[in-house]
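Numbered from 1 within each chain, the chains take letters A, B, ... in sequence-line order.
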Number of protein chains: 2
Amino acid sequence: MTEKTPAAGSIRARVRAEMIDEIKNVARRHVANEGAALSLRAVSRDMGMVSSALYRYFPSRDELLTALIIDAYDSMGEAAETADANVSNRSDVLARWHAVANALRAWSLAQPHEYALIYGSPVPGYAAPRDTVGPATRPVVVLGAILADAYEAGMLTEAGSPPVRNPLRREIAVLSVHIGAKIPPSIMARGMIAWTELFGAISFELFGRIDNTIDERDDWFHYQTRAMATFIGLR
Amino acid sequence: MTEKTPAAGSIRARVRAEMIDEIKNVARRHVANEGAALSLRAVSRDMGMVSSALYRYFPSRDELLTALIIDAYDSMGEAAETADANVSNRSDVLARWHAVANALRAWSLAQPHEYALIYGSPVPGYAAPRDTVGPATRPVVVLGAILADAYEAGMLTEAGSPPVRNPLRREIAVLSVHIGAKIPPSIMARGMIAWTELFGAISFELFGRIDNTIDERDDWFHYQTRAMATFIGLR
DNA sequence: CGCTGTCAAGAGCAGTGCTCTCGAATGTGT
DNA sequence: ACACATTCGAGAGCACTGCTCTTGACAGCG
């Protein structure tokens, strides 16, 4: 059995891991500049290698792209988590919501192409594999925790929200459990709508949908997140 | 001056227009199947032509893509307009809102790749030219009209909405004028948020963001649009 | 020390967008 | 009706892409 990954602790494994990191870094730089049209040959040129050598580390261009996507998910998730954790008054769920929302937007504005990679239209001929579902949920988990804390503090009531009927209700309940938020479906649904609006707003801003229309982007974003906070019932 | 467009009414102009239509149709079919990775050569093969001949009609692949994008905008805008027009009771703004929202989603589900073309991440190395701004606003105009009718009927009040402060307020006011909706900025802002959530929801569904999570997609979409209708104040 | 696994390099294939040139067909003006 | 100008399709060719396969060299391990 040739062409296998070397043993875990071996020296070869270490230099191989470093090589993979290096490739990802160069590729990330290319994505940051050119977008999803990532060229393996260009990456290999930047590394002083020949293109075929890259295939020792990534079986295909899509695999390399997938690695970048996973990293992007993780990076964004971490940004959301630290933003939430940095709010010292944990019971101030409104501040936490705004902190996370602003962090998600800031992350996206800082690396627009990586955002497009994970929240834009799927790359043609490329289907996001299963490996990406884990990291992808991290921002959602953060928002779910805020929602759960608010609910536990008695801040959110089901009153006013239309009831969620089965079988949709059951699916939303499963989702709540999955992200570890103990909240009733109608409240979870409100959170999901806010989540949808949030990423809709970021996408609109990043993909040029409000160009030549809204210049006061910080204000507009803050207005939206404030409105959605009210929609959820945070205060 | 060679290589010019022939005179308006001439026979050549007609066959040329037909040719352009034919090319666009074939290209549209390819986009529907393969997505934004449109290949000029594949299109030309399908037409029994040689690839260089296509350049007689479109100066570049991007120009062909732009033509498709404009058509997609128009098609979607028309879908929204007819859906709105088909609601006979014009004062039933809630029904009109749902009709338009459902029409926009249905259009998007029917031609997902074309949706991705216009509402997904911008194609790498391709910037949407100015020609696309006109058709792009048609769905927004429809929603604006519904909003304006609701406001005129006294259904919407500014109460409850946080005030929009300048200079953002001014930008939103300009936008209202631009789409022909005579409504105060805070109400316009609510409509824009609903618009953002609406396209966020469609993007999430189309781009696989709710795969393996929500199967009851019709119900979920309807729940969202109902919630956003309440958010706006439609009833 | 020698074997074996790992690696980079190179050539090559099929595909891409795009340019340029060259005849042929075709409409227009005299 | 004829000749000119214009428009067109075809073909070759350039630079680029992802990817495969072979070859030869290096280096870690037993």
Side-chain angles (χ1 to χ4, degrees), chain A residues 1-24 26-27 30-31 33-69 123-127, chain B residues 1-24 26-27 30-31 33-69 123-127:
Chain A
M1 179 93 69
T2 68
E3 301 291 333
K4 264 209 65 172
T5 305
S10 87
I11 303 181
R12 275 213 157 120
R14 255 203 38 218
V15 329
R16 186 182 172 82
E18 281 172 15
M19 197 73 185
I20 288 180
D21 265 11
E22 174 74 9
I23 295 173
K24 285 205 288 189
V26 174
H30 276 182
V31 166
N33 291 334
E34 324 287 343
L38 178 65
S39 160
L40 270 189
R41 293 181 115 112
V43 172
S44 69
R45 268 195 302 271
D46 258 30
M47 301 192 49
M49 297 174 77
V50 105
S51 71
S52 58
L54 274 187
Y55 286 84
R56 297 262 164 210
Y57 303 96
F58 291 94
S60 75
R61 194 199 77 126
D62 282 359
E63 292 281 339
L64 174 53
L65 220 52
T66 301
L68 293 184
I69 288 177
V123 180
Y126 167 82
Chain B
M1 181 92 68
T2 69
E3 303 290 334
K4 264 210 70 176
T5 304
S10 86
I11 302 183
R12 271 209 160 127
R14 255 203 39 218
V15 330
R16 186 183 172 81
E18 282 172 15
M19 198 74 185
I20 288 180
D21 265 10
E22 173 74 9
I23 294 173
K24 285 205 289 188
V26 174
H30 276 181
V31 166
N33 291 334
E34 324 286 342
L38 178 65
S39 159
L40 269 190
R41 295 182 112 111
V43 171
S44 68
R45 268 194 303 270
D46 258 31
M47 301 194 49
M49 298 174 74
V50 106
S51 70
S52 59
L54 274 187
Y55 286 84
R56 298 266 170 209
Y57 302 95
F58 291 93
S60 74
R61 194 200 77 125
D62 281 0
E63 292 281 337
L64 173 54
L65 219 52
T66 301
L68 292 184
I69 287 177
V123 181
Y126 167 80

- Message: Checking the side chain of B:Arg61 only, and the main-chain atoms of B:Leu38 only, is there a donor and an acceptor separated by less than 3.5 Å?
- Response: yes
- Given C:dT16, is OP1 or OP2 found less than 4.0 Å from the side-chain N or O atoms of B:Ser39? yes
- Message: Once you apply a heavy-atom cut-off of 4.0 Å, does A:Leu38 come out as touching a base, just sugar-phosphate, or nothing?
- Response: sugar-phosphate
- Message: Can you tell me how far apart CG (B:Leu40) and CG (B:Leu64) are? Round to the nearest 0.5 Å.
- Response: 6.0 Å
- Query: Just how far, in rounded Å, is P of C:dA9 from CZ of A:Arg56?
  - Reply: 11 Å
- Do B:Val15 and B:Met19 come within less than 4.5 Å of each other through their side chains, counting heavy atoms only? no
- Query: At under 4.0 Å, does any side-chain N or O of B:Arg41 touch on OP1 or OP2 of C:dC18?
  - Reply: no
- Going through the distances and angles, do A:Ile20 and A:Phe58 end up as a side-chain contact (heavy atoms from CB on, under 4.5 Å)? CA-CA 8 Å; A:Ile20 288 180; A:Phe58 291 94; 3.7 Å; yes
- Task: Measure the spacing between CE of B:Met47 and CG of B:Leu54 and express it to the nearest 0.5 Å.
- Result: 6.5 Å
- Message: Distance check needed: C:dG17 P versus B:Glu63 CD, whole Å only.
- Response: 15 Å
- Protein-nucleotide distance (A:Leu65, atom CG; D:dT17, atom P), rounded to Å: 15 Å
- Once you round it to whole Å, what is the distance between P of D:dG18 and NE2 of A:His30? 11 Å
- With sugar-phosphate meaning primed atoms plus P, OP1 and OP2, does B:Met47 contact a base, only sugar-phosphate, or nothing at under 4.0 Å between heavy atoms? nothing
- Item | Candidate nucleotides C:dA8, C:dT21, D:dC19, ranked by approach to the side chain of A:Arg61 - the nearest | D:dC19
- Message: Tell me the interatomic distance from A:Leu40, atom CG, to D:dT17, atom C1', rounded to whole angstroms.
- Response: 9 Å
- Message: What's B:Tyr57 touching, base or sugar-phosphate or nothing? Going by heavy atoms closer than 4.0 Å.
- Response: sugar-phosphate
- Message: Please report the distance, rounded to the nearest Å, between CD in B:Glu22 and C1' in D:dC8.
- Response: 17 Å
- Task: Name the nucleic acid region contacted by B:Ser60, choosing base, sugar-phosphate or nothing; use a 4.0 angstrom heavy-atom cut-off, strictly under.
- Result: sugar-phosphate
- Output the single nucleotide from D:dG9, C:dT16, C:dA9 whose closest atom is nearest the side chain of B:Ala42. C:dT16
- Task: Would you classify A:Leu54 as touching base, sugar-phosphate or nothing, given that sugar-phosphate means primed atoms plus P, OP1 and OP2, and contacts are heavy atoms under 4.0 Å?
- Result: nothing
- Query: Within the structure, does a side-chain N or O atom of A:Arg45 lie under 4.0 Å from either OP1 or OP2 of D:dT17?
  - Reply: yes
- Task: Rounded off to whole Å, could you give me the CE-to-P distance for the B:Met19 and D:dG9 pair?
- Result: 5 Å
- Within the structure, does a side-chain N or O atom of B:Tyr55 lie under 4.0 Å from either OP1 or OP2 of D:dC8? no
- Item | Minimum-distance nucleotide to B:Ser52 side chain [options: C:dA9, C:dC7, C:dT19] | C:dT19
- Query: Rounded to the Å, how far apart are B:Arg14 CZ and C:dG27 C1'?
  - Reply: 14 Å
